[in-house]
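A, B, ... follow the sequence lines: proteins, then strands. Residue 1 opens every chain.
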Amino acid sequence: MAVPYDFREIESRWQHRWDTDGLYEVDLERLAATGRKAFTNLAEFPYPSAEGLHVGHVFKWCGLDVIGRLRRMQGEAVFQPIGFDSFGINAENYAMTRGEHPARLIARTRQTFRKQLSSVGIGWDWSRAFATSDSAYYRWTQWIFVKLMRAGLAYQDEAPVTWCPKCLTVLAREQTEDECCERCGTAVTERVLRQWFLRTTRYASRLDAGLATLDWPESAKAKQRNWIGLQPDGSMRLHDWLVSRQRFWGAPIPVIHCDRCGAVPVPENQLPVLLPEVEDPALIRPDQSGKSPLARFDEWVATECPACALPASRETDVLDTFVDSSWYFLRYPSTDIEGEPWSARRTATALPVGFYAGGPEHVTRHHLYARFVTMALYDLGLVPFEEPFPHMRVGGFVRMGGVKISKSKGNVIRPDDAVKTHGGDVVRVGLLFSGRWDADHDYEANGFVGAERFLTRVWKLISRPDSPNSDTDAMGRAVLRVTEQIEALAFNVAIARVMEFVGELEKAGADRAAKRTLVLLLAPFAPYLAEELWSQLGGAFSVHTQPWPSVHDETRRRLASADIEVAVQIDGRTRARVTMAGGLTPEEMERAVLASPAVADALDGKRPSRVVTVRDRLVNLVTTVQ
RNA sequence: GCGCCCGUAGCUCAAGCGGUCAGAGCACCGGUCUUAAAAACCGGAUGGUACGGGUUCGAAUCCCGUCGGGCGUACCA
């Protein structure tokens, strides 16, 4: 065995302790009472597909988790929720092919996901998890639709729309690629149907202007700006958002059609409009009619008009899943509250989102829809901010042989086997070391071997008897470098810096303080092993709530003014090195260099005609005449 | 077609507002140990930064061009 410690035992023991202690749960009420804010560290929530996670998800969320763990150790109340985007055609199609009801399928895949997500040590607050197909959630999705409708932001129109003959539903234009359905690849056709739209165009100029206030990557802003299309070349490119779908597995659009009163929103106290209970999955299969399967359930459709009480019928289309996900972050802090979608107090404590780990594929859709819905709710006085995600970074995708890993490309790699053979810590470190978080990079299966050796070295180092003392400068340098790289989302470089620190300690010896510093620096990357080693070193539970190591001002000063090695170049080639105090003036540096015998040798009698100095770094003696 | 990003050891990535003869992990090679192998430990950088020009005392880094890859978007059908 390469690993000298039993990772299975260690990881399951600490996972259990974290769960029972509720280490990653935050008491938002108590925070609110003391006037503190939570740092909401948000991952785009997943569609719980039957196949489970692939390494791209794990890479993205492990990076997010590193940020969360650093911020927690830096003293913030980190709120890291997770949930499931469980409605929609993906789940429904898959269930149909198996002759299964999507509700059953989702109940099962939720469990798979939770297990997988926990196996790599991500510190989610599971106490606030929900799925968008829970009626306790979609009740409020419908409530928001009603609010938008009353505000004149939702309307029905007969228009030529894109129809997928295989999925048997209309699609938003942004759900097609090259005139084909992005989901199944079938060539789409055009049909004229009466559909529901949300008036995103009314917010076009504000969506555009708001970008200037956001701490987002410039490329993401440019993409949205381009999409919204307010540029001088015209072709208001942003169009109203087509939200109705002729399917079963979605939130029913909460509208009643009355011959006398027209389309009337369902009164808020009658929400949710529940999906009909159907046992036989065959009954909810979509067809060519352009009508939702809901239209087949006469008893469900028949109702009375909320305005005039005459017999009326329910709207039978359901909402697109992007509506579900346009507001999920608002629900997280208030999942235990039943009488309202979110509590003002909780919202003020935990939102807007502190850090959002976005996916590149969502910039012109989910991110835009969420901004639109938030702005509309702000105008209705329902939320206290206009922008849901003030700080966002877009993660790179993981490629396999130069191709993005995705189900449609058929090159999905699952983390399960690697977790079984190497453990969650190794998978985290291996994936994070494989490339910058916000850049695309190739999957490297060999990385797990390297990660395993690295963690083994740490284990052995900590097991050695304490040295009487350690190099405090090396310790300070490591802390500064690792912190800096984590904050830049360069987790791969941060891990390399920890590796270098381990190398230094192996050579020079590690006293108790150095060992503790190493374990603290390792904690965001290998949370299980760090917890174990911390406890072995006599530290109190939990390593993840310890203060992040800091560097004394005195050490900082010493690092800045220590003797430095200056490169001496002759005509641009480095020929010697001279040690001198840091912070000298150019003249002093030149004098120190010329006084060195090694430099005199290298000059070999030639006289410099010009001298170029770079503070603390080099002196270039130019002997050639231009 | 247009826009943005990228091209560094066999592989995955560092170093990039120009500055110490380009560094880490994996792989690989050699050694110790072993009957042998594996593991472990010790030791070794094996490329001159896709290509061609330019600017500079000095270019992986800046500029121009070419080639290759990715992402986004448009148009034609």
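With sequence neighbours excluded, no residue satisfies salt bridge (charged side-chain N to carboxylate O under 4.0 Å, His left out) with A:Arg199. A search for ring pair (Phe, Tyr, Trp, His ring centres under 6.0 Å) contacts involving A:His57 returns A:His54, A:Trp61, not counting sequence neighbours. Remark: A:Glu9 pairs with A:Arg13 by the salt bridge (charged side-chain N to carboxylate O under 4.0 Å, His left out) rule, at least two apart or across chains. Residues passing the salt bridge (charged side-chain N to carboxylate O under 4.0 Å, His left out) test with A:Asp65, sequence neighbours excluded: A:Arg69, A:Arg428. Not counting sequence neighbours, the partners of A:Arg71 by the salt bridge (charged side-chain N to carboxylate O under 4.0 Å, His left out) test are A:Glu76.
Atom CG of A:Asp438 and atom P of B:C6 are 11 Å apart (whole Å). In this entry the distance linking CG of A:Leu432 with P of B:A14 reads 13 Å, nearest Å.
Here, B:G52 and B:A27 have their C1' atoms 33 Å apart, quoted to the whole Å. Annotation: B:C41 and B:G25 have their P atoms spaced 12 Å apart (nearest Å).
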Polar pairs (N or O, both sides) under 3.5 Å between protein and nucleotides 15-20 of chain B?
| residue | atom | partner | partner atom | Å |
| --- | --- | --- | --- | --- |
| B:G19 | N2 | A:Gln569 | OE1 | 2.8 |
| B:G19 | N2 | A:Asn620 | ND2 | 3.3 |
| B:U20 | OP2 | A:Arg617 | NH2 | 3.4 |
| B:U20 | O3' | A:Thr574 | OG1 | 3.2 |
| B:U20 | O2' | A:Arg577 | NH2 | 2.9 |
| B:U20 | O2 | A:Arg577 | NE | 3.2 |
| B:U20 | N3 | A:Glu565 | O | 3.1 |
| B:U20 | O4 | A:Glu565 | O | 3.3 |

query = So what is the 5' to 3' dot-bracket string for RNA chain B, if pairs are Watson-Crick or G-U wobble with both distances under 3.5 Å, crossing pairs use [ ] and | means the partner sits on another strand?
reply = (((((((..((((.....[...)))).(((((.......))))).....(((((..]....))))))))))))....
Side chains of residues 522-530 of chain A: which donor-acceptor partners sit under 3.5 Å, not counting sequence neighbours?
| residue | atom | partner | partner atom | Å |
| --- | --- | --- | --- | --- |
| A:Tyr528 | OH | A:Gln15 | OE1 | 2.6 |
| A:Tyr528 | OH | A:Ser118 | O | 3.0 |
| A:Tyr528 | OH | A:Gly121 | N | 3.2 |

Under 3.5 Å donor-acceptor pairs involving side-chain atoms of residues 209-220 of chain A, not counting sequence neighbours:
| residue | atom | partner | partner atom | Å |
| --- | --- | --- | --- | --- |
| A:Thr213 | OG1 | A:Gly210 | O | 2.7 |
| A:Asp215 | OD1 | A:Arg393 | NH1 | 3.2 |
| A:Asp215 | OD1 | A:Arg393 | NH2 | 3.0 |
| A:Asp215 | OD2 | A:His391 | ND1 | 2.8 |
| A:Trp216 | NE1 | A:Phe389 | O | 2.7 |

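Under 3.5 Å, the side chains of A:His366 and A:Glu44 contain no donor-acceptor pair of N or O atoms.
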